[in-house]
There are 2 protein chains.
Amino acid sequence: MRYLSFDHFFTVLGNKQRVKILQLLDRHGPMSVMSIAKRLQAEQSAVSHSLRQLLACHFVVVNQSGKERIYAINEDTVRPIFDLIEQHVKKNCAKDCGHWQ
Amino acid sequence: MRYLSFDHFFTVLGNKQRVKILQLLDRHGPMSVMSIAKRLQAEQSAVSHSLRQLLACHFVVVNQSGKERIYAINEDTVRPIFDLIEQHVKKNCAKDCGHWQ
DNA sequence: TGTTCATATGAGGTATTTATCATTTGACCA
DNA sequence: TGGTCAAATGATAAATACCTCATATGAACA
């Protein structure tokens, strides 16, 4: 993986699947890799790769539970960052993109 | 340019040159394209392309002044976002990457 | 130890981004 | 209008990132 520079944290957030994973973990709480994959209709391997990057940036944390590894969002920091972007969009980009979900 | 989705805002921030431009504008105040290019030792064209993306996301604003176009950072939102990432890094990634600038 | 299930890893092709060059547009003023 | 300077645009090659497949690791338990 690439070196952990300032812009890299944004790069990791700049991907639909990784954002979806974070949003899912935020809404649903801690989940295993397979549960995430099923819920997002994504490949186990793809999800694992994504989680690896999110973990490297500490956007998620992980705990072993039997054979499963349970991933959870780092609420303290990820949620505020998402909120800021949402505010920014509402304030500045309302007409450009008022509608993703 | 790509469609303006949530993750896209992060994608635009996930690039060294664009981050440098924002940091420069933040420290130095409003600047013309050429001044930015000179200061960062980058091509005029490259800077212009970068500014276009930053502008589309409303991370910067622009004003015409004679032949020049003066770009300024959107302080209200960009600075807080950068601050949040910095806090996040200090709090969670201190040992991984304590040192970019 | 051997089997099973969950997750991680590595390699590959494909897609997306980036940087650069040449050219165009646009503002200003003689 | 023609010249000049600043900035924007478009096309393209090069660099990165992404997704998928096949395979490896690792935990649990008989």
Taking all non-hydrogen atoms of both residues into account, name the closest pair between B:Tyr71 and B:Leu25 and its distance.
-> O-CD2, 3.5 Å

Do any side-chain nitrogens or oxygens of A:Gln53 fall under 4.0 Å of OP1 or OP2 in D:dA17?
-> no

With nearest nucleotides of DNA chain D determined for B:Leu51 and A:Gln64 from heavy-atom distances, which residue corresponds to the more 5′ nucleotide?
-> B:Leu51

OP1 or OP2 of D:dT9 less than 4.0 angstrom from a side-chain nitrogen or oxygen of B:Arg52, does that happen here?
-> yes

Do the non-hydrogen side-chain atoms of A:Asp26 and A:Phe82 ever get within less than 4.5 Å of each other?
-> no

Whole-Å distance separating the NZ atom of B:Lys20 from the P atom of C:dA19 | 10 Å

Parallel, tilted or perpendicular: rings of A:His88 and B:Phe9 (30°, 60°) = perpendicular

Separation of D:dC18 C1' from B:Asp7 CG (nearest whole Å) = 13 Å

Do you know the tightest heavy-atom contact between A:Val12 and A:Arg18?
-> O-NE, 2.6 Å

Presence of A:Asn15 side-chain N/O under 4.0 Å of D:dA17 phosphate oxygens OP1/OP2 | no

Length of the CD-P vector between B:Glu68 and D:dT4, whole Å | 19 Å

Interatomic distance, A:Ile70 CD1 vs C:dA8 P [rounded to whole Å] | 11 Å

Whole angstrom value for the distance that separates C1' of C:dG26 from NZ of B:Lys67 = 11 Å

If only side-chain N and O atoms of B:Arg69 are considered, is one of them under 4.0 Å from the OP1 or OP2 phosphate oxygen of D:dA8?
-> yes

Path from B:Leu13 to B:Leu55 over hydrophobic side-chain contacts below 4.5 Å | yes

Answer whether the closest heavy-atom distance between the side chains of B:Leu84 and B:Gln87 falls below 4.5 Å.
-> yes

Reckon A:Tyr71 has a side-chain N or O less than 4.0 Å from the OP1 or OP2 of C:dA8?
-> yes

Would B:Lys16 and A:Ser5 count as having a side-chain donor-acceptor pair, cut-off 3.5 Å?
-> yes

Take atom NZ of A:Lys16 and atom C1' of D:dA17, then tell me their distance rounded to the nearest Å.
-> 15 Å

Measure from CE on A:Met31 to C1' on C:dT7 and round the result to the nearest Å.
-> 15 Å

Output the residues of residues 42-50 of chain A in contact with DNA chain D, where contact means a heavy atom of the residue under 4.0 Å from an atom of the strand; sort by number or write none.
-> A:Glu43, A:Ser45, A:Ala46, A:His49

Between P of C:dT18 and CD1 of B:Ile21, the distance in whole Å = 12 Å

